[in-house]
Amino acid sequence: MKKLLIALLAVLLLSGCSKQNEEISSQPEVIEEIGEIAGGWTINTSLPEMNDMVFDSARKKLLGVNYSPLFDLGSKVVNGKMHMYLVYASVVSPDAKQEYKLVSVLEDNETHEGTIENIFDFNITDYVNESGNTTPEGLMGGWQDVEQLPNMLSEQENEVFTKALEGLTGVGYTPVATLATQVVAGTNYAFLALGKTVTATPVTHLYVINIYADLNGNAKLNNICGIDLSTYGAK
């Protein structure tokens, strides 16, 4: 019964979002159980490095939509090797709007060519706290995807990330990319990050970290939300 309760708590920690420092620092005590119940996915701890040859071979078979790979987030061994890519997707038309998608691609063990298995929506608003800061008029501005190379964080963005997470213990967070921003009375940032537990056997997971920076250079952590690749792979 005890092991079952620990496993259930681990699922909640990975799929849920935390806003309190006490909750965040408690993660290492249970997070190591997650590897046994998260669908066999292994996080790419070398992010933002990516070899997109497998994805390139898969997208040649598609027409009508452009898929630009950003990150190979993780993989698992099935009948071959399944990859989960974060991509920009846009319809092939003038002025088409890009949006984030998660694309699972099966790599053939012999040819190493890829076949797209599933395509999932990846909405920033599912991972950020919309009840946070508002504009002076009380209106919530919309989140805007960052239209630049996503593995290029500016010096200012790195400083915002470092300030907001200063003093947190138990998990070491490393920013990978700025996925989106929201202009309010200041700026909200949605960072893609790796979180590595400070334990004897470190475990790494993916997170979206929402940080608010005011106009005076102060930065505050809004929330940390885990990305569970198995919830997409199960669809």
Side-chain angles (χ1 to χ4, degrees), residues 14-15 38-128 142-154 157 174-182 189-194 204-210 225-235:
L14 183 59
S15 60
W41 287 95
T42 300
I43 301 303
N44 178 10
T45 57
S46 298
L47 287 170
E49 294 179 11
M50 183 183 72
N51 183 342
D52 58 1
M53 293 176 62
V54 174
F55 190 90
D56 283 342
S57 66
R59 65 176 170 176
K60 291 176 182 178
K61 306 167 188 177
L62 297 175
L63 298 174
V65 179
N66 282 328
Y67 293 101
S68 300
L70 304 178
F71 301 111
D72 186 353
L73 298 179
S75 61
K76 68 175 180 178
V77 177
V78 287
N79 185 23
K81 185 177 183 180
M82 188 75 73
H83 300 260
M84 188 70 79
Y85 289 90
L86 178 64
V87 308
Y88 271 142
S90 62
V91 177
V92 182
S93 64
D95 302 320
K97 181 181 182 297
Q98 290 185 320
E99 58 184 352
Y100 290 121
K101 298 283 186 180
L102 286 179
V103 180
S104 59
V105 177
L106 181 62
E107 177 185 358
D108 185 275
N109 284 331
E110 296 182 0
T111 66
H112 299 291
E113 291 191 349
T115 300
I116 290 178
E117 295 287 303
N118 284 296
I119 299 171
F120 309 98
D121 291 332
F122 185 78
N123 299 316
I124 294 298
T125 53
D126 292 339
Y127 292 91
V128 296
W143 284 90
Q144 300 294 319
D145 293 348
V146 175
E147 296 182 0
Q148 64 182 30
L149 289 176
N151 58 340
M152 301 295 288
L153 273 75
S154 68
E157 290 165 340
T174 303
V176 175
T178 305
L179 295 178
T181 59
Q182 179 191 43
Y189 294 89
F191 292 99
L192 175 67
L194 291 171
T204 301
H205 288 285
L206 287 166
Y207 297 89
V208 173
I209 299 182
N210 177 208
C225 195
I227 302 174
D228 184 355
L229 296 183
S230 68
T231 62
Y232 294 94
K235 294 182 180 179

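How far OG of S57 is from CD1 of I116: 9.0 Å, rounded to the nearest 0.5 Å. Atom CG of L102 is separated from atom CG of L73 by 6.5 Å, given to the nearest 0.5 angstrom. A distance of 8.0 Å separates CD1 of I227 from CG of L86, quoted to the nearest 0.5 Å. Expressed to the nearest 0.5 Å, how far CG of L70 lies from NZ of K101 amounts to 13.5 Å. Separation of atoms OH (Y207) and SG (C225) is listed at 10.0 Å; rounding is to 0.5 Å. In this structure, CD on Q182 lies 7.5 Å from CG on N210, to the nearest 0.5 angstrom.
Applying the side chain to side chain donor-acceptor pair (under 3.5 Å) test to D108 and every residue at least two apart in sequence or in another chain returns T111. In this structure, E117 has no salt bridge (Lys or Arg N to Asp or Glu O under 4.0 Å) partners at least two apart in sequence or on a different chain. Considering only residues two or more places apart in sequence or on other chains, Y189 meets the ring-ring contact (aromatic ring centres under 6.0 Å, His included) condition with F191. For F122, the ring-ring contact (aromatic ring centres under 6.0 Å, His included) partners two or more places apart in sequence, or in a different chain, are Y127. Checked against side chain to side chain contact (heavy atoms under 4.5 Å, CB included), E107 has the following partners two or more places apart in sequence or in another chain: V54, K81, H83, H112. A search for side chain to side chain contact (heavy atoms under 4.5 Å, CB included) contacts involving A190 returns I124, V128, W143, A180, V208, not counting sequence neighbours.
At a threshold of 4.5 Å between non-hydrogen side-chain atoms, the residues D72 and V105 do not count as touching. Put simply, the side chain of L194 reaches to within 4.5 Å of the side chain of V176, judged on heavy atoms.
In this structure, the side chain of Y100 engages the main chain of L179 through a donor-acceptor pair within 3.5 Å. In this structure, the side chain of T178 does not engage the main chain of L153 through any donor-acceptor pair within 3.5 Å.
Test L47, T45, T42 against T204 for side chain to side chain contact (heavy atoms under 4.5 Å, CB included) and you get one pass: T45.
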